[in-house]
Amino acid sequence: MKDRQTRGKFGPFGGCFAPETLIPALRQLEISYQRIAHRKRFRERLDYLLKHYAGRPTPLYLAENVSRYIGCSVYLKREDLAFTGAHKINNTLGQALLASLSGKTRLIAETGAGQHGVATATVAALFGLKCQIYMGKIDWERQYLNVVRMKLLGAKVVPVTAGSQTLKDAINEAMRDWISSFKNTHYVFGTVAGPHPYPTIVRDFQAVIGRETKRQILQATARLPDYLVACVGGGSNSLGLFHAFYHDLSVQFIGVEAAGHGLTTSAHAATLCRGRPGIVLRKQRSAAGPDVAEHTVVGWQELERHAGRVHLHRTRTAVGHKYAVHIRKLNNLMVLTRTVEIRRVRLFEAYVAACRVDAPVAPGREPVAAGHHVDQVQSLG
Ligand SMILES: Cc1ncc(COP(=O)(O)O)c(C=O)c1O
């Protein structure tokens with residue numbers, strides 16, 4: 001038990017606090033990942049698919065109008081141009097390849113807005129695997145177009161009517177399915193959360209974003225950026241971006257969390273800003289609600305979070321991020337520690353302003369910014 005909890009740790013965060021019934025599935029996944037995903041042939045095949053199927057590398061675009069508008073150079077890492085319209089395809093391609101090489105014949109996944117569901121249904125079709133996507137009933141109704149897309153791709157989409165009928169309930173249903181089906185089924189988890197080994201696996205598959213960004217920004221400017229800015233929902237696009245820069249101590253990370261109805265209420269999604277350590281979704285992390293006692297086992301069900309956008313309704317956030325915030329608090333005088341600033345941006349105003357001056361920041365896209373002298377970017381908030 002202790003061994004399980006210490007594997008996949010990010011400082012005091014992460015690990016594997018899972019019910020006994022889920023352990024065989026997680027253990028099997030951990031072993032296949034170690035055995036298969038580090039092989040040269042796996043890497044080569046994945047690189048090939050990322051390039052020729054998903055359209056990588058995605059461009060790093062100097063947003064000239066935004067840069068002029070705010071007075072500093074802002075580069076956008078155009079994950080919106082990856083196949084299916086977001087970074088989700090990086091992770092789903094990696095996990096589907098792993099599943100197929102592990103002899104699985106079926107994929108399951110949770111989805112909120114549908115981006116991860118569409119990306120999973122897409123790779124299931126590519127690899128000839130059966131696919132079942134769990135989606136909260138409320139999300140299903142709000143994002144019906146994505147339900148249609150998933151069905152067109154051959155997936156069975158299951159509306160979840162339990163609980164708040166959103167992402168957390170979809171995750172619970174998918175986990176229940178997996179407990180009894182893992183012999184032939186791989187659960188394609190969508191972000192860097194959940195019990196070990198998911199945070200590590202998803203981080204590794206999303207790290208391509210940061211590797212490309214580093215190469216591209218050096219080519220474009222012959223220097224590293226001052227700041228990397230990314231939204232933090234579950235944390236996969238941001239951790240994917242930050243990971244390659246972890247040892248570049250001059251580069252600061254800014255993760256932007258959704259403040260929902262306000263950080264003084266319990267209806268927000270800012271687990272890094274306001275969360276407290278707890279055990280949620282079978283790994284130790286920061287739980288969103290103010291009513292979660294330190295190190296309390298919250299158990300199987302998750303608390304509701306509010307983000308103002310459907311797919312950011314989460315209680316779970318990257319354990320890697322949580323650790324970065326944590327070490328800064330403990331060692332705030334150490335130059336070696338990495339600053340992760342989590343800012344509450346008046347997102348909508350900033351977003352509208354940015355949309356009006358640069359089309360790639362248009363609604364529904366997935367901009368991840370690598371910026372120079374980003375003080376002015378922060379002043380948008
Ligand atoms: C397009 C898009 N961006 C960002 C996110 C946030 O997730 P993460 O923080 O894991 O990148 C999601 C979540 O589904 C998404 O669909």
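If you read the sequence from its start, that first residue is 1, and numbering goes on from there. What you see below is based on every heavy atom in this structure, not just the backbone, and it leaves out hydrogens, waters and symmetry mates.
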Just by modelled atom types, is the [Y] backbone N or O under 3.5 Å from a matching donor or acceptor in the [X] side chain?
X	Y	value
Lys214	Phe245	no
Ser238	Gly235	yes
Thr120	Ala109	no
Arg43	Arg39	no
Ser236	Thr191	no

Aromatic ring pairing Tyr187/Phe189, orientation class (parallel under 30°, perpendicular over 60°, tilted between):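 Perpendicular, since the angle between the ring planes exceeds 60°.
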In terms of the angle between their ring planes, are Phe242 and Phe253 parallel, tilted or perpendicular, with boundaries placed at 30° and 60°?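 Parallel.
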Please tell me if the side chains of [X] and [Y] come closer than 4.5 Å, counting only heavy atoms from C-beta onward.
X	Y	answer
Val251	Asp226	no
Thr122	Val118	yes
His186	Ser32	no
Lys104	Thr185	no
Leu60	Leu76	no
Ile217	Arg223	no
Ile201	Gln95	yes
Leu29	Pro197	yes

Which atoms form the tightest heavy-atom contact between [X] and [Y], and what is the distance?
X	Y	value
Gln165	Thr161	NE2-O, 3.3 Å
Ile89	Ala54	CG2-CB, 4.0 Å
Gln115	Ala86	OE1-CB, 3.8 Å
Asn237	Ala230	OD1-CB, 3.6 Å
His38	Gln34	CD2-O, 3.6 Å
Ile133	Ala155	CG1-CB, 4.2 Å

With sequence neighbours excluded, residues passing side chain to side chain contact (heavy atoms under 4.5 Å, CB included) with [X]:
X	answer
Thr105	Asn184
Lys130	Arg106
Leu101	Ile36, Phe42, Leu97

Separation between [atom1] of [X] and [atom2] of [Y], rounded to the nearest 0.5 Å:
X	Y	atom1	atom2	answer
Leu50	Leu93	CG	CG	5.5 Å
Leu228	Leu241	CG	CG	4.5 Å
Tyr144	Arg149	OH	CZ	14.0 Å
Leu224	Thr213	CG	OG1	11.5 Å
Arg203	Leu239	CZ	CG	6.5 Å
Thr84	Tyr53	OG1	OH	8.5 Å

Working for side-chain contact (heavy atoms from CB on, under 4.5 Å), residues Val160 and Lys137: CA-CA 5 Å; Val160 177; Lys137 180 86 185 322; over 6 Å; no
Please walk me through it: do Tyr75 and Tyr61 pass ring pair (Phe, Tyr, Trp, His ring centres under 6.0 Å)? CA-CA 5 Å; Tyr75 288 82; Tyr61 164 70; 8.7 Å; no
From CA spacing to verdict: side-chain contact (heavy atoms from CB on, under 4.5 Å), Val123, Leu107: CA-CA 9 Å; Val123 295; Leu107 299 182; 4.2 Å; yes
Are [X] and [Y] connected, step by step, through hydrophobic side chains (Ile, Leu, Val, Met, Phe, Trp, Tyr) whose heavy atoms are closer than 4.5 Å?
X	Y	result
Ile31	Trp178	no
Ile108	Phe205	yes
Leu46	Tyr48	yes
Val188	Leu167	yes
Leu126	Leu153	no

Any ion pair linking Arg41 and Glu44 (charged N to carboxylate O, less than 4.0 Å)?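 No, Glu44 and Arg41 are not salt-bridged.
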Within the 3.5 Å criterion, strictly below it, is a donor on [X] or [Y] matched to an acceptor on the partner's side chain?
X	Y	value
Asp169	Ser164	yes
His87	Gln206	no
Gln216	Lys77	yes

Between Glu173 and Val158, does a side-chain contact (heavy atoms from CB on, under 4.5 Å) hold up when you go through it step by step? CA-CA 9 Å; Glu173 281 309 309; Val158 179; over 6 Å; no
Could you walk me through whether Met135 and Met150 pass the side-chain contact (heavy atoms from CB on, under 4.5 Å) check? CA-CA 11 Å; Met135 189 171 193; Met150 288 182 263; 3.9 Å; yes
Which residues share a ring-ring contact (aromatic ring centres under 6.0 Å, His included) with Phe182, sequence neighbours left out: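 So Phe182 forms no ring-ring contact (aromatic ring centres under 6.0 Å, His included) with any residue.
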Going by ring pair (Phe, Tyr, Trp, His ring centres under 6.0 Å), name the pairs with one or both residues in residues 95-137, residues two or more places apart or in two chains.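 Not a single pair qualifies under ring pair (Phe, Tyr, Trp, His ring centres under 6.0 Å).
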For Arg56, which residues count as a side-chain hydrogen bond (donor to acceptor under 3.5 Å, both in side chains) partner, sequence neighbours excluded?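 For Arg56, the residues satisfying side-chain hydrogen bond (donor to acceptor under 3.5 Å, both in side chains) (neighbours in sequence not counted) are Thr58, Glu79, Asn90, Glu212.
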